[in-house]
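Order of the sequence lines fixes the chain letters, A, B, ..., with proteins taken first and strands second; residue numbering starts at 1 for each chain.
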There are 2 protein chains.
Amino acid sequence: MKHHPILPKERILETALHLFHKQGYHATGINQIISDAGVAKASLYLHYKSKEELGIEYLNARQEIWFAQLKLFTDESKKPKKKILAAFDFLNFINEKESFRGCSFLNMLSEIQSEETRLLASIQNHKTQLREFFREILPEEKGEHTDIIYLLFESAMTESQLFKNQWPVEKAKQAVADLFKLKYIK
Amino acid sequence: MKHHPILPKERILETALHLFHKQGYHATGINQIISDAGVAKASLYLHYKSKEELGIEYLNARQEIWFAQLKLFTDESKKPKKKILAAFDFLNFINEKESFRGCSFLNMLSEIQSEETRLLASIQNHKTQLREFFREILPEEKGEHTDIIYLLFESAMTESQLFKNQWPVEKAKQAVADLFKLKYIK
DNA sequence: TGGTAAACGAACAGACTTGTCTATTTTATT
DNA sequence: AATAAAATAGACAAGTCTGTTCGTTTACCA
């Protein structure tokens, strides 16, 4: 295409990123995606063989974008404690930016059936990486209680989506800070 | 009805409780509900004016059933600490029983649009009650850190659904037990 | 036993779903 | 300038969705 700065395949993915996250996977139809992307239906099925395939590409793309943004926050500091607290600031930021729509992956998880193993695998993969992200920040031999950070981080995301409010992020962040002071996390 | 032990209205709700929870709200159609319930479509719309209305009744019913089961576990003990740890045993139990399908309310949350305010209100109401349930177990003047229990409880539910495994429940329970020992919670 | 209400099966409306196909135009490359 | 690939619009298939409206049958109660 000459007159469009972005290729159809990329426009489709951009639109899917926006609509799947905002409206949900089931609530978003192929027809809305192609009309919003300004693309022919045949073009969508040329690049993605099914809606599920597009769903998987959506999760893969989201994984990249989400982690890149998280790292913009955590890379500001060198100390483990500061890095981890910065992760909660990121949640604060993304809640504002995306109007408390919560986690793309957990939202997808609620919608899929047990047969859709490829989607589940993408979701599990993302969360495993997040869990390891926290684990790697802390000194190896002292990481026995790092999963509590992961668990508090996850509920901060879900509960702020639920209450459309930042208080769960603030509470979780404060709790993690307290656990550092108590040396439960080191 | 004479030959059916349960009334149509109740059969519809029973079926909705099962299918909405197992498959999700959008993935479950009215037609499957009426055929599984063995009820005419006209009967469904006689008792419930829309699918959304049935969805609200589903959440209301789930609220009753879920809390009743939770209390079966927590009422076994009198001490606050034991009561709270028993709540995590309940999670363990319901995960087995329902094959890691997670929280009905959070699953619904992921599916609804921001316009569906009645459904959102039902979900918020349930979670507010759960939050207060934990708060009321602990002595009034010492409840400053009880929300960490709520947050860990919530992520235990979500993460065990995600990984189809009980480890998040065990980790969260252990963390809460540790926080009691550290007197972060009293 | 007659009347009222509930439940029934089944058709129907109208809009929506994913996905396929065709015939045509545009774009990029050689 | 010619050729091959990409993208287009739009019709179409076959099925699903929610919700309404029939006329009929069943059940309960006075």
Side-chain angles (χ1 to χ4, degrees), chain A residues 1-59 107-108 110-113 115-119, chain B residues 1-59 107-108 110-113 115-119:
Chain A
M1 290 264 89
K2 206 161 205 173
H3 305 302
H4 250 295
I6 312 173
L7 264 43
K9 185 172 181 177
E10 288 163 1
R11 264 182 288 151
I12 292 166
L13 190 56
E14 290 290 323
T15 310
L17 273 164
H18 177 240
L19 292 180
F20 283 161
H21 185 56
K22 188 183 169 197
Q23 305 180 343
Y25 180 70
H26 275 119
T28 303
I30 289 292
N31 292 319
Q32 191 187 3
I33 292 175
I34 60 164
S35 103
D36 280 28
V39 145
K41 189 179 279 195
S43 302
L44 189 149
Y45 283 98
L46 180 72
H47 295 296
Y48 305 95
K49 77 170 215 284
S50 66
K51 187 186 179 183
E52 187 184 354
E53 185 107 330
L54 180 57
I56 289 163
E57 289 307 311
Y58 154 72
L59 290 183
N107 286 337
M108 181 74 89
S110 291
E111 296 208 47
I112 62 171
Q113 309 293 308
E115 311 93 60
E116 290 163 288
T117 52
R118 293 176 69 200
L119 284 167
Chain B
M1 291 267 94
K2 206 158 204 173
H3 305 303
H4 250 295
I6 312 173
L7 263 44
K9 185 172 182 178
E10 287 164 0
R11 263 182 288 152
I12 294 166
L13 190 56
E14 290 291 321
T15 310
L17 272 164
H18 178 240
L19 292 179
F20 283 160
H21 185 56
K22 188 182 169 197
Q23 305 180 343
Y25 180 69
H26 275 120
T28 303
I30 289 292
N31 292 319
Q32 191 188 4
I33 293 175
I34 60 164
S35 103
D36 280 28
V39 145
K41 191 180 278 196
S43 302
L44 188 149
Y45 283 98
L46 179 72
H47 295 296
Y48 305 95
K49 78 170 214 285
S50 66
K51 189 188 179 182
E52 188 185 354
E53 185 107 331
L54 180 59
I56 290 164
E57 289 307 310
Y58 154 71
L59 291 183
N107 286 338
M108 181 74 89
S110 292
E111 296 208 47
I112 61 172
Q113 310 292 308
E115 311 94 60
E116 290 162 288
T117 52
R118 293 177 69 200
L119 284 168

**OP:** Taking only the side-chain heavy atoms of Arg11(A) (C-beta and beyond), determine which of dT8(D), dC8(C), dT18(C) contains the nearest atom.
**Re:** dT8(D)
Subject >> Spacing of Lys51(A) atom NZ relative to dC16(C) atom P, expressed in whole Å >> reply: 15 Å
Original post:
Quick one: does Ile12(B)'s side chain get under 4.5 Å of Ile34(B)'s, heavy atoms only?
Top reply: no
Original post:
CZ of Phe20(A) to OG1 of Thr15(A): how many Å apart, nearest 0.5 Å?
Top reply: 10.0 Å
Original post:
Nearest 0.5 Å, what's the NE2-CD distance between His18(A) and Gln23(A)?
Top reply: 8.0 Å
**OP:** Take Lys49(A) and Ala27(A), find for each the nucleotide of DNA chain C with the closest heavy atom, and name the residue whose nucleotide sits nearer the 5' end.
**Re:** Ala27(A)
Original post:
When the distance from CD1 of Ile30(B) to P of dT20(D) is rounded to whole Å, what number comes out?
Top reply: 11 Å
Original post:
So, is Asn31(B) close to the dT16(D) phosphate, meaning a side-chain N or O under 4.0 Å from OP1 or OP2?
Top reply: no
**OP:** Write down the distance between NZ (Lys9(A)) and P (dA5(D)), rounded to a whole number of angstrom.
**Re:** 17 Å
**OP:** Return the value, rounded to whole Å, for the distance between atom CD of Glu53(B) and atom P of dT18(D).
**Re:** 15 Å
**OP:** Find out whether Lys41(A) and Asn31(A) are in side-chain contact, i.e. whether some heavy atom of one side chain is under 4.5 Å from a heavy atom of the other.
**Re:** yes
Subject >> Reported CD-to-NZ distance for the pair Glu57(A) and Lys9(A), which is rounded to 0.5 angstrom >> reply: 7.0 Å
Original post:
Quick one: does NZ or CZ of Lys51(B) land under 6.0 Å from the six-membered ring centre of Tyr58(B), within 45 degrees of the ring axis?
Top reply: no
Original post:
What is the distance, rounded to the nearest whole Å, between atom CD of Gln32(A) and atom P of dA15(C)?
Top reply: 18 Å
Subject >> Side chain to side chain, Glu53(A) and Tyr45(A), heavy atoms closer than 4.5 Å >> reply: no
**OP:** Report the distance from atom OH of Tyr48(B) to atom P of dA6(C), rounded to the nearest whole Å.
**Re:** 14 Å
Subject >> Atom pair distance, as rounded to whole Å: NE2 in His26(B) and P in dC16(C) >> reply: 14 Å
**OP:** May I ask you to list the residues of residues 39-47 of chain A, by number, that have any heavy atom positioned under 4.0 Å from an atom of DNA chain D?
**Re:** Val39(A), Ala40(A), Ala42(A), Ser43(A), Leu46(A), His47(A)
**OP:** Using whole Å, report how far CG of Leu54(A) lies from P of dG19(C).
**Re:** 10 Å
**OP:** Describe the nucleic acid contact of Ser35(A) in one word from base, sugar-phosphate, nothing, applying a heavy-atom distance below 4.0 Å.
**Re:** nothing
